[in-house]
Amino acid sequence: MTAFNPQDLIVAMPETRLAVLSLLLLLMAVSAKKENYRLVSRLAVAILAFVGVLVALSHSGSAFGGMFISDKFSIYMKLVAVTGSAVSLVMATKYLERENAARIEYPVLILFATLGMMLMISADSLITLYMGLELQSLPLYVLAAIRRDSVRSTEAGLKYFVLGALSSGLFLYGASLLYGYTGSVDFPQIAALLQGHAASMPGMVTGMVLVLAALAFKISAVPFHMWAPDVYEGAPTPVTAFFAIAPKVAAIALLTRLLEGPFWDMTQQWQQVIVVISIASMLLGGVAAVAQKNIKRLLAYSSIGHMGYALVGLAAASVAGVQAVIIYMTIYAVMSAGTFCVVLMMKKDGKMVEEIADLSGLGKSQPPLAFCMAVLMFSMAGIPPMAGFFGKLFVFQAAVAAGLYTLAVIGVLTSVVAAYYYIRIIKVMYFEEPKAAGIDAAQDNGLNFVLAAATVAVMLFIVVPAPVLESAHAAAQSLLQ
Amino acid sequence: MITFPILSLMTFLPLLGALLIFCLRGDEKSVAGNARIIALLTSLVTFGVSIFMYAGFDPHAAGFQFVEKYRWLTGFDIHYKMGVDGISVFFILLSTLLTPICVLASWKSIQSRVREYMMAFMLLETTMLGMFAALDLVLFYVFFEAVLIPMYCIIGVWGGKNRVYAAFKFFLYTLLGSVLLLIAILAIYHQTGTTDIPTLMASSIPSGMQKWLFLAFLASFAVKVPMWPVHTWLPDAHVEAPTAGSVILAGVLLKMGGYGFLRLSLPILPEASHYFMPLIFGLSVIAVIYTSLVALVQEDMKKLIAYSSIAHMGFVTIGIFAMTTQAVQGAMFVMLSHGIVSAALFLCVGVVYDRLHTREIARYGGLVNNMPVYAAIFMIFMLASVGLPATSGFVGEFLVLVGTFKVSTLTTFLAATGVVLGAAYMLYLYKRVVFGEIVHDDVRKMTDVSAREIAVFAPLVVLVFWMGIYPSSFTAPMAPAIEKVITRYDSANHIVPHAPKGVAAPEVH
């Protein structure tokens, strides 16, 4: 380990600032009254916005003796994750107040989780990685159970915690094997040591598979997805929205960095694993969601499926593949944010509802809301001209270029199955007559704004794809030099 | 290449109309009225632009005209590229012609959610025009699949009793075919490094790969055409769709399959197209005979016409894959003629449906007594569908049969039986609906066609005779583009073109 270098703090400026500001906010929140919830929440959004700007302005470089890296890839992914966190906080603020679930810890926990994500994305050693992973996960466990008086919420929190702890255990065991065989925890050194020797070390492969399993848990890919439907359903909806966006982006980023970095020489080995996980996720995400009646459970399966598609790009093991993953996750984050806005608006007679059937006749009772939802559903189904199509286009393009035809064909076929349940929601909204009690009109500017922005973004991606494509390409290239 | 982007203007004019309709405010009645007017004006202006475009179209050139190219998906060699040739220009005219007719036909029959309905039709027109004008595979695919969105809504929201089932079947069936096309497009991109259609029309792909790609293309286009045995979505969709929905479905959407074969399969994959020719012939012949027989026993007017569409499309696929000048021109002609005739037939059904709200053939009878003008109009289109000389239907079918005879006598023989069967089911339909005594009292009360309805039919009647009496004004401009496709096909498959006595030379390997 090298001595402390003040330069390190500049490279890691967004993280250090976020850590300090989060702690300050925590101090303030501890002494604040419950009425100040909204202020704390707004401050948290402001902090995230500030950190987002810092991330956008930050430079590439390595810090803390090579344990932390900042490159175009990390900058891009951090921007998506931080924006996702900020947006989900905006979506949550008024909702939690309305539902009497406003707790002053909520925004603070989101900040700490975001800090964890940023560390995950920038991790260049197993130690940083684990620290980031846990810093992100612990607030998530608490968030899932934030409604202490609700059985479902606490159950979700407990389930998530137990399974999450298990996955952390898997990760630690895998990491210890990696360290044992290579003698290093730094990614570049592991990569260098593995060059040419990867296949000859079964212990290495075991370690890698264990690490992959742990990360598959974090992105809820099959067969480590079991927690997702229950946690999605049980957790308060804003928390679910948060789970669906930022942590997934961070975990996929981490997975990408691991596979394209230290495990690069084991591509042969991990490619099979990723292909299997990807196919299983796409299949399960497509088939299991068909029978769901609860929209949150449906979105849980939908996100499992989406992770499968993102992994298709990862399986390609190429610049185009990484670029596709980045684009896919960006579009996925936008679509999810928009969709969860609609879920957060589903209120009938003053009570929140979660059944898909409750949306019936929305096309007549609330045309703008139904229109946004329809656009988002077509996008999720991957129907052009919506953005979701382009996400799929690029991952499949990468897969075809890598010769993974079977994966691509299975992928598109499952997307047809998945299209069924997305267009079923449109059917419920437009083809059915409104029931006696329709969904109430939402009185939440934050939600309305996020929903409108997400819908417009999804529709206009086709017109101006260049900014996303170019920055994703630059990010992918910085990872695979 | 700085020319006026007339194709983009034409394509996105309807989208602009849709946006205008979207912005309408006021009570429901005024919104509905304004939506109708805006939709009609927009579609008429679009039609005007397309006529203007056709006026500037050079009928002697084989290449693409009015080409536009812009940066689109940066970093990939995928561009926004539009252009038309003699093949696509007619489909564009067909689409721009049928859309205002659809708007007019829905003037009275659609009373709920008029704003959304008109928006859906405007979006549909944009996607159709974009698809026919696209010169980039990915752009083509985007429009090709985007068609599903408005059509799904049109069937599902304004359809009949069983509309949800029909809408889902339509959507998922066509999507399943399309996604394989997407993989094929990506494979072509990976193989050749481009998705530019004119470039691909001149580049060669290994013949082993061509076969796989062809099957993927086939999966997509066969569903659209539709070919037997993947036609089952069509009768459901037609029966449940509102009249205008059926018109556009039969008139334009079915042509997307044939157009796809002619624009993509044959020029890009000529060897595989030759290899799979017997398969296409077999499926098409089954389609012609089987669906004609099925049409004979239908009790529902729309279902009968739907099955007749499948039979006509059988002629189209035979003609396209025969790849002789006459056959391909004939296939194009059948598509255009069918686009007008079947659209008109669905409008004919719509006229009586608006009055009696049933499509059951047995509920009618004797219409000639109280609706003579209607009976005459219906007769013209019925005979055109049968293929009576001097109507558009005759020219196309005749050319297909003549052109295919050189390639496969057996196919021609079997397909020709379809002409006879076609006469049988159409005449039988006409007899049951129009002739005879009036037995139902409510039929007696039905009034003859109104001025608006005549305005809807008039251009179609003119076209049916124009195409039937002077087909050259349609075949001549498409000839160079078709010749280009055939030349490429022949050279890729080592076929000596224009062998003496009209007999195709044996293959040289």
Side-chain angles (χ1 to χ4, degrees), chain A residues 319-320 323 363-364 367-368 370-371 374-375 378 381-386 389-390 392-403 405 408-420 422-424 426-432 462-470 472-474 476-477, chain B residues 15 22 71-76 78 80 112-113 115-116 119-120 123 126-127 130 138-149 152-153 155-159 163-165 167-168 170-191 193 195 212 216:
Chain A
V319 174
Q323 183 189 5
K364 250 186 193 158
F371 175 78
V375 168
F378 278 126
I383 309 293
M386 309 308 173
F389 163 73
F390 292 93
K392 292 205 165 74
L393 176 76
F394 295 121
V395 292
F396 290 132
Q397 191 268 330
V400 166
Y405 282 96
V409 170
I410 294 177
V412 292
L413 292 182
T414 53
S415 83
V416 178
V417 181
Y420 168 77
Y422 294 123
I423 65 169
R424 194 175 56 140
I426 296 167
K427 178 212 110 182
V428 170
M429 292 191 303
Y430 281 96
F431 303 178
E432 289 178 7
I462 185 171
V463 185
V464 272
V468 176
L469 291 188
E470 278 162 11
H473 186 71
Q477 265 186 330
Chain B
L15 187 67
F22 184 72
R71 267 156 58 91
W72 185 34
L73 299 180
T74 40
F76 298 85
I78 299 171
Y80 172 88
S112 71
R113 304 201 210 178
R115 178 217 296 253
E116 285 88 345
M119 277 174 65
L123 291 180
T126 289
T127 53
V138 174
L139 188 65
F140 173 88
Y141 184 82
V142 165
F143 284 119
F144 187 78
E145 210 172 281
V147 169
L148 296 183
I149 297 178
Y152 171 73
C153 297
I155 298 176
V157 177
W158 295 276
R163 58 181 198 271
V164 173
Y165 170 76
F168 271 78
F170 164 76
F171 193 95
L172 296 177
Y173 235 97
T174 27
L175 183 63
L176 187 64
S178 313
V179 292
L180 293 173
L181 173 67
L182 179 65
I183 296 294
I185 290 174
L186 293 174
I188 289 176
Y189 178 63
H190 176 53
Q191 174 74 26
T195 52
W212 287 106

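Hydrogens, waters and symmetry mates play no part in the numbers below; they use all other heavy atoms, side chains included. Chain naming here is simple, since letters A, B, ... match the order of the sequence lines and numbering starts at 1 in each.
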Give the member of Phe168(B), Phe144(B), Phe143(B), Tyr189(B) that has the highest number of heavy-atom pairs under 4.5 Å with chain A. Phe168(B)

Tell me, with the steps shown, if Glu145(B) and Lys392(A) meet salt bridge (Lys or Arg N to Asp or Glu O under 4.0 Å). CA-CA 14 Å; Glu145(B) 210 172 281; Lys392(A) 292 205 165 74; over 6 Å; no

ring-ring contact (aromatic ring centres under 6.0 Å, His included) partners of Tyr430(A), counting only residues at least two apart: none

Hey, could you give me each pair passing side chain to side chain donor-acceptor pair (under 3.5 Å) that has a residue in residues 173-182 of chain B? Not counting sequence neighbours. Tyr173(B)-Thr232(B)

Do Leu73(B) and Phe394(A) have side chains that get closer than 4.5 Å, going by heavy atoms? yes

Heavy-atom side-chain contact between Glu116(B) and Phe371(A) under 4.5 Å: no

Looking at side-chain heavy atoms only, is the closest gap between Phe389(A) and Leu182(B) below 4.5 Å? yes

Does any non-hydrogen side-chain atom of Gln397(A) lie less than 4.5 Å from one of His190(B)? no

Mind checking whether Tyr420(A) and Phe171(B) have ring centres under 6.0 Å apart? no

Closest non-hydrogen atoms of Val409(A) and Leu180(B), given as atom of the first, atom of the second and distance, are CG1-CD2, 4.3 Å

Does atom CZ (Phe22(B)) have a neighbourhood of more than 12 heavy atoms from anything else shown, all under 6.0 Å? no

Heavy-atom pair with the smallest gap, counting every atom of Pro384(A) and Tyr141(B): CG-O, 4.2 Å

Once the angle between the rings of Phe390(A) and Trp72(B) is folded into 0 to 90°, is it parallel (under 30°), tilted (30 to 60°) or perpendicular (over 60°)? perpendicular

